[in-house]
Amino acid sequence: MSNLTRKPIVALVGRPNVGKSTLFNRFIGRRQAIVEDLPGTTRDRIYAEAEWNGVPFILVDTGGIEALDTRHGKIQPMADPLATASTGFIREIREQAEEAIQEADVLVLLVDASEGLTSADGEVADLLRSINKPVIIAANKADNPERRLNAVEFYALGLGDPQPVSAQHGYDSGDLLDVIVEHLPRQEIIDDEDETLRVAIVGRPNVGKSSLLNTLLGHDRAIVSDIAGTTRDPVDTYLTWDGEPIILIDTAGIRRKGRIERGIEKYSVMRALNAVGRAEVVLLVIDATEGVTAQDAHIGGYILDENRSLTIVVNKWDALEKDTHTMAEYSRTLRQELKFLDYVPVLYISTLTRQRVNQVMPTVLRVRDERHMRIPTAELNRLLRQAVQAHPPKSVRGRRARFYYVTQADSDPPTFVFFVNDPKTVHFTYLRFLENRLRERYPFEGTPLRLELKGKPKEEKKR
């Protein structure tokens, strides 16, 4: 087993209105965070996947950290004209930021080079100084040479060299990313000597993920509740199934972004997404009584993007009124809603009655074995010749693709490299056709396939 990773986390922190959300959007390349020239706009943590120079990480935007003054029995900002926000959310915003700080691997403290060092910056620095984690000072709004020179005053915070940057205009943002990547821990590669199979259980809140875990284990390992969102952190549990060592990872329910509430739940979503990256096989649990939802499709798409193998588990099957056609009709609807996962096995279970739960782990092991299957090169090329003869590729921009040969370059996930005269002449629909023909002979049940195109080497083109 290989290529299982936990992506490092980078949190942007600082007092209100220093440009954290603007820098967040700059780094991820889109306007995901709401940017408004008012302090306190970002009230909760926002996260996104980011990458710099081939190094992936998770970026977290946080609300501004304000000092709390409770001397008169009320929560209100300390007397600082630059640290003013909606007082009704000050405690919640601070708690969210502090949780992000605890979970992050690297902290980026944003300060405002146009306003200089403030007492509020010192308050945040004191908080970060007590945590044994790398802290990078980013002096934002350094839009001209004078402000870049003025950034040196932030040395007084005692947290190292300030990095001047302009989030709005992008000045020196690449240099700041270079520094961030330098401080990131090496990606946590999960490749134990015993190669224990890791299985993540994911899905929307209250679909029965923890109940499935407990049923598989035969005892209550996780707290089971009818209140959505009970499980907030991934829970690793060791299990032996027919002599096979397995780690089960239970995760928090994943909601649509618009329905993720303020508080600890939002950050638990990020942990759940990271759990997918730590797993080799994922169980996507769906509530039979609610049917396939758009969020189920979103989660399935994320699992596919991470190239993880997948089994769909439809829970609460006992709660449906059924006749002889119910399962076939349900399957038809499910396949229509999740047509991009047509290679994935589907199990209809009830954790309450234990109906067909005994099929879950054998299916997981079968999917794992399919994931590691290797096909001889001679057999692959025979299949390629037959496919091209039966359905030749159409010309693209006046040129037609010529396939030379194909080889399996890797497994986990299975990766196939097709050598052609010009990759630009191969339409994505033809790659889909080749994948379908390959799966007709070798189903690779529950496992995504990587199909890559490689052009003729330059030396051959010259001849």
Side-chain angles (χ1 to χ4, degrees), residues 1-7 49 51 54-56 187 189-191 195 197-200 202 273-274 276-282 284 297-312 338-345 364 366-388 391 393 396 401-457:
M1 181 168 56
S2 61
N3 200 33
L4 304 183
T5 62
R6 185 191 78 81
K7 294 176 184 174
E49 294 189 0
E51 183 176 314
V55 180
Q187 265 190 296
I189 306 299
I190 304 171
D191 191 12
E195 296 189 344
L197 171 62
R198 286 170 169 81
V199 180
V202 304
L273 298 182
N274 250 332
V276 171
R278 295 174 53 219
E280 187 175 9
V281 179
V282 180
L284 171 56
H298 291 326
I299 300 170
Y302 180 83
I303 297 167
L304 177 60
D305 290 343
E306 291 294 297
N307 291 301
R308 301 311 179 207
S309 296
L310 174 63
T311 294
I312 296 174
L338 302 175
K339 59 179 64 177
F340 61 96
L341 297 174
D342 55 359
Y343 57 87
V344 172
V364 166
R366 186 173 70 247
V367 166
R368 189 275 312 272
D369 292 342
E370 292 272 300
R371 182 181 183 87
H372 290 275
M373 181 189 301
R374 279 195 170 271
I375 305 175
T377 301
E379 172 65 8
L380 280 174
N381 284 279
R382 184 183 68 81
L383 290 172
L384 176 62
R385 286 193 300 271
Q386 292 175 349
V388 172
H391 184 58
V396 176
R402 286 184 56 198
F403 285 84
Y404 299 121
Y405 64 96
V406 59
T407 184
Q408 184 173 354
D410 201 358
S411 61
D412 194 15
T415 303
F416 301 92
V417 180
F418 292 82
F419 292 82
V420 297
N421 57 333
D422 183 357
K424 295 179 180 178
T425 62
V426 182
H427 196 268
F428 75 90
T429 56
Y430 198 77
L431 274 183
R432 180 65 172 170
F433 161 74
L434 292 176
E435 178 180 341
N436 290 338
R437 293 300 296 266
L438 182 60
R439 287 189 186 274
E440 288 176 5
R441 178 67 179 85
Y442 300 97
F444 287 100
E445 185 181 20
T447 294
L449 304 182
R450 283 180 177 171
L451 274 63
E452 301 175 358
L453 297 170
K454 191 171 183 179
K456 183 190 299 184

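These figures come from a predicted structure and were not determined experimentally.
Counting heavy atoms from C-beta on, the side chains of F419 and V406 never come closer than 4.5 Å. Inter-residue side-chain proximity for L310 and V281 is flagged as unmet; no heavy-atom pair is nearer than 4.5 Å. Residues H298 and Y302 are not in side-chain contact: their nearest non-hydrogen atoms beyond the backbone lie 4.5 Å or more apart. A 4.5 Å side-chain heavy-atom check between Q408 and T415 finds every atom pair outside the cut-off. Annotation: side chain of V388 is in contact with side chain of Y430 (closest heavy-atom distance under 4.5 Å). Proximity of V420 to K454: side-chain heavy atoms (C-beta onward) are nowhere separated by under 4.5 Å. Within the 4.5 Å cutoff, the side chain of R441 has heavy atoms near those of the L383 side chain.
One distance of note links CG of L453 with NZ of K424; it measures 12.5 Å at 0.5 Å rounding. Note: L341 CG to I303 CD1 = 8.0 Å, rounded to the nearest 0.5 Å. Within the model, atoms CG of N381 and CZ of F418 stand 9.0 Å from one another, a figure rounded to the nearest 0.5 Å. The distance from atom OH of Y343 to atom CD of E435, rounded to the nearest 0.5 Å, is 7.5 Å. Atom CG of L434 sits about 11.5 Å away from atom CG of L449, to the nearest 0.5 Å. The distance from atom CD1 of I299 to atom CG of L304, rounded to the nearest 0.5 Å, is 13.5 Å.
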Mind running side-chain hydrogen bond (donor to acceptor under 3.5 Å, both in side chains) on Q386 and H391 for me, showing each step along the way?
CA-CA 9 Å; Q386 292 175 349; H391 184 58; over 6 Å; no

Stepwise, does the side-chain contact (heavy atoms from CB on, under 4.5 Å) test hold for V202 with V276?
CA-CA 8 Å; V202 304; V276 171; 3.9 Å; yes

Give the C-alpha distance, both sets of side-chain angles, the deciding distance and a yes or no for side-chain contact (heavy atoms from CB on, under 4.5 Å) between V364 and L197.
CA-CA 10 Å; V364 166; L197 171 62; 3.9 Å; yes

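Salt-bridge annotation for E280 and R308: absent, with no side-chain N of the basic residue lying under 4.0 Å from a carboxylate O of the acidic one. The pair R439-E445 fails the salt-bridge criterion, with no side-chain N (NZ, NE, NH1 or NH2) lying under 4.0 Å from an Asp/Glu carboxylate O. Using a 4.0 Å cut-off between charged nitrogen and carboxylate oxygen, R366 and E370 do not count as a salt-bridge pair. The pair R371-D410 does not meet the salt-bridge criterion, since no charged nitrogen lies less than 4.0 angstrom from a carboxylate oxygen.
Annotation for R402: atom CZ does not count as buried by contact number, only 12 or fewer foreign heavy atoms lying within 6.0 Å. Remark: Y405 OH is loosely packed, at most 12 non-hydrogen atoms of other residues, nucleotides or ligands lying under 6.0 Å away.
Closest non-hydrogen pair, A409 versus R374, comes out as O-NH2, 4.0 Å. Residue T447 comes nearest to V367 through the heavy atom pair OG1-O, 3.7 Å, listed as atom of the first residue, atom of the second, then distance. Summarising the geometry of P414 relative to P448, their closest heavy-atom pair is CD-O, 3.7 Å, with the distance given to 0.1 Å. The shortest heavy-atom contact between Y442 and I375 is CD1-CD1, 3.4 Å. Annotation for V426 and A401: closest pair CG2-CB, 3.6 Å, computed over non-hydrogen atoms. Residue P393 comes nearest to F403 through the heavy atom pair CG-CE1, 4.3 Å, listed as atom of the first residue, atom of the second, then distance.
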